[in-house]
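First up is the structure itself, then whatever we jot down about it.
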Amino acid sequence: MSKSNFSSLSSVPKAWPFEEAVRLIEHLDGKQDKSDKPALLETGYGPSGLPHIGTFGEVARTSWVLQAYQVLTSKQAYILAFSDDMDGLRKVPDNVPNQEMLRQHLGKPLSRIPDPFGTHDSFGAHNNAQLCSFLDRFGFKYEFASATDYYNKGRFDAALKRVLEVHDEIVSVVGATLREERRASYSPILPIHPETGIVMQVAMDKIDPVNGTVQWRDENGKAFETQVKGGQVKLQWKADWAMRWYALGVDYEMSGKDLIDSVKLSSKICRILGGRPPVNLTYELFLDDKGQKISKSKGNGLSIEEWLRYAPEESLAQYMFNAPKRAKRLFFDVIPKATDEYLKNVSDLQALEKDITIEEDAKKDKIFSNPAWFIHKQHLPEKVGSPISFAMLLNLASVANAERAEVLWGFLKRYDAKVSAENNPMLAKLVDYALAYYADFIRPKKEYRAPDEHEKAALQDLAQEISSLKNKEVHADELQNLVFSIGKKYEFEPLRAWFGCLYEVLLGQKEGPRFGMFIALYGIEETIQLINKAINRSKT
RNA sequence: GAGCCGGUAGCUCAGAUGGUAGAGCAUUCGACUUUUAAUCGAAUGGUCGUGGGUUCGAUUCCCACCCGGCUCACCA
């Protein structure tokens, strides 16, 4: 399509969501139905799992494509968050209560199983609520859809009849991908057993597209005739996906690399039904630190809660923004980098918006290529960003053995007297995150050396000296002098060995801050405890 | 077997719609400080996987190949 079609832009910005938006536009241009229906971007959810970090990534990325689409076209579009809550429960998840109760409902649709948490009408409803509150928490805009709801209300009835018409064709296409033993029983139609409520995976004896019924037998040989409408059957998932695209007119949907074959197959089915499969983006999977695929069942990698314990959600969004087609490792080490990348993008964007020397077109192009512009939904709020990088905060926390925010703030104020939690809310958050990150990842790796007898005596002396200063107004300089004089008194040669001893024995590192300042900020009582701990360590 | 992604400084990676490449960390040196760190400044460091093709010129485009990793092939 020609570039001139894009509103007020001379070219398409090079950020990937814009490239995707162009693909979406081309897809819509080729549509038979020229009515001005809003573009439909779907994100799908496996029913039994809780929302996880991949869910976040998929919705965030889809939102960015939508954002780019609207900038280019000024047309309506929306995200449909579709939950397949009619799927049969195959396995009892081991992270939920009432296992025994759930076991009795194996094979039934999630929406027909009682909620093991007892808070919702069904297990499916519970998971749906989890999903929605998860998405709401990050401010995503979407319309929620429940498969059960859609089936029951007949929104798929026409499409289901169409499935019956082309049933054999679907069976042969899907059958080609299955092993022989599966092939025999395969049908895209999964009837819900009228007596047991179980989602049946059986071969169909008879298909009747005219009356909209199927005939089949259960494992006891009992024969049934079932209407496909109104939620009495559901479709096997690949057919279900295809039927959904067809019935709802889905225009865009992304999915992980592991689903490449499924996308192909579902696209075929969608075409057999007479539909046009949506534009698909295949994104790479997330790997753990050993390069293995992250999966909920393995519990490897990093959960979203874990990430958010150590960094703001914007940093996670930043991580998700980068090169979706590229495999990335997802573990704790990437958090600081993603955070600083985000902060840099914010400051770049701020500078860019103020810049009046740059040409308007070039400016737009740069703004629209900045991840922070996407992350903040086109508008940077007041007081975003931080004058100090996360990496620096982590260094400071480590150097100062910081356990409390005040200690870190003390150092920060020395660095720049103007910073404060009020003026820099993001910095205030980062301080807390840095403390958490330091405590969990950096401190455990520290190696504390035991002091020798000579050092021990000096340390005891130091503890005693400073304890006499307790409850007094003391300056960092005085403390520094005190530390210094003790080093002299015990004749450390060279004197820097004394300081080295302090760092290695007390802080578990080769280097450290000016020790007088450290004591002042860290606290006299706390420093004494630190010394006592170190001395006790030498006894064992 | 099918498919996807990657191979750029010691490490982790960015990048150029073609004109001999950058960041962070690491290393070295310097500034600041009654020693030390943060911080700041600077330097060192790369035939951009291999071989061909297109071109005045390719690491960047095309083709082939090699290496590495992952995913799928039961269910969703």
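Note that these values count all heavy atoms, side chains included, but never hydrogens, waters or copies made by symmetry. Letters A, B, ... mirror the listed sequences (proteins, then strands); counts begin at 1. From a predicted model like this one, the values you see are computed outputs, not experimental measurements.
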So what does A:Lys238 touch, heavy atoms closer than 4.0 Å: a base, only the sugar-phosphate, or nothing? nothing
If I pick the C1' atom on B:rC5 and the same atom on B:rG49, what distance separates them, to the nearest angstrom? 15 Å
Using whole Å, what does the distance between atom C1' of nucleotide B:rU12 and atom CZ of A:Phe332 come to? 19 Å
Whole-angstrom distance between B:rU17 and B:rG10, as gauged at atom C1': 33 Å
Any side-chain donor paired with an acceptor under 3.5 Å for A:Gln318 and A:Asn322? yes
Quick check: closest heavy atoms across A:Pro336 and A:Phe390, and the distance to 0.1 Å? CA-CD2, 3.6 Å
Under 3.5 Å on both distances, the Watson-Crick or G-U partner of B:rU55: none
Distance, C1' atom - from B:rU54 to B:rU44, rounded to whole angstrom: 38 Å
Rounded to whole Å, the CD1-C1' distance (A:Ile442 to B:rC25) equals 14 Å
With hydrogens left out and only the distance checked, is there a donor-acceptor pair under 3.5 Å joining A:Asn481's side chain and the base of B:rU34? yes
Nucleotides 5-8 of chain B: which of its N/O atoms have a protein N/O under 3.5 Å away?
unit_1: B:rC5; atom_1: O4'; unit_2: A:Glu284; atom_2: OE2; d: 3.1

For B:rU27, what is the paired nucleotide under Watson-Crick or G-U wobble rules, both distances under 3.5 Å? B:rA43
Should B:rA21 form a Watson-Crick or G-U wobble pair with both distances under 3.5 Å, which nucleotide is its partner? none
Among the candidates B:rG3, B:rC13, B:rA76, find the nucleotide nearest to the side-chain atoms of A:Lys337. B:rC13
Strand partner of B:rA38, provided both Watson-Crick or wobble distances fall under 3.5 Å: none
Please give, in whole Å, the distance from B:rC25 P to A:Leu394 CG? 13 Å
Using 4.0 Å as the upper bound for N to carboxylate O, is an ion pair formed by A:Lys257 and A:Glu284? yes
Without hydrogens or angle criteria, can the side chains of A:Glu455 and A:Trp498 be said to hold a donor-acceptor pair below 3.5 Å? no
Between B:rC61 and B:rU55 - C1' atom distance, rounded Å: 10 Å
In whole Å, I'd like the distance from the CG atom of A:Leu190 to the C1' atom of B:rA76. 12 Å
Go through A:Ser386 and A:Asn424 one step at a time and tell me if the side-chain hydrogen bond (donor to acceptor under 3.5 Å, both in side chains) criterion holds. CA-CA 6 Å; A:Ser386 161; A:Asn424 304 95; over 6 Å; no
Rounded to whole Å, please give me the gap between CD in A:Gln318 and P in B:rG24. 17 Å
Of A:Gln236 and A:Thr282, the one whose nearest nucleotide on RNA chain B sits closer to the 5' end is A:Thr282
Main chain of A:Ala391, side chain of A:Asp340: is a donor-acceptor contact present, judged purely on distance under 3.5 Å? yes
Answer yes or no for A:Arg61 and A:Tyr283: cation-pi contact, defined as NZ/CZ to six-membered ring centre under 6.0 Å and angle to ring axis within 45°. yes
Atom C1', compared across B:rU8 and B:rG45: separation rounded to whole Å: 13 Å
note: A:Asp340, atom CG; B:rU12, atom C1'; distance rounded to Å ~ 14 Å
Do A:Asp432 and A:Tyr437 pair up side chain to side chain, a donor and an acceptor below 3.5 Å, judged on atom types alone? no
Spacing of A:Leu462 atom CG and A:Leu502 atom CG [to the nearest 0.5 Å]: 6.5 Å
Quantified in whole Å, what is the C1' atom distance between nucleotide B:rU12 and nucleotide B:rA26? 11 Å
The single option from A:Trp245, A:Tyr246, A:Tyr151 passing ring-ring contact (aromatic ring centres under 6.0 Å, His included) against A:Phe156: A:Tyr151
How is A:Leu502 classified with respect to the nucleic acid when contacts are heavy atoms under 4.0 Å: base, sugar-phosphate, or nothing? nothing
Strictly below 4.0 Å, heavy-atom distances to any atom of RNA chain B: list the hits from residues 176-186 of chain A, or just say none. A:Leu178, A:Arg179, A:Arg182
Rounding to a whole Å, what distance do you find between A:Asp258:CG and B:rC4:P? 15 Å
Interatomic distance where CG belongs to A:Leu285 and P belongs to B:rC72 [whole Å]: 7 Å
Looking at A:Phe332, A:Tyr433, A:Tyr319, A:Phe56, which hits ring-ring contact (aromatic ring centres under 6.0 Å, His included) with A:Trp307? A:Tyr319
Whole-angstrom distance between B:rU60 and B:rC4, as gauged at atom C1': 22 Å
Rounded distance in Å between the P positions of B:rG41 and B:rG24: 10 Å
Which nucleotide in B:rA38, B:rU34, B:rG3 has an atom nearest any side-chain atom of A:Phe484: B:rU34
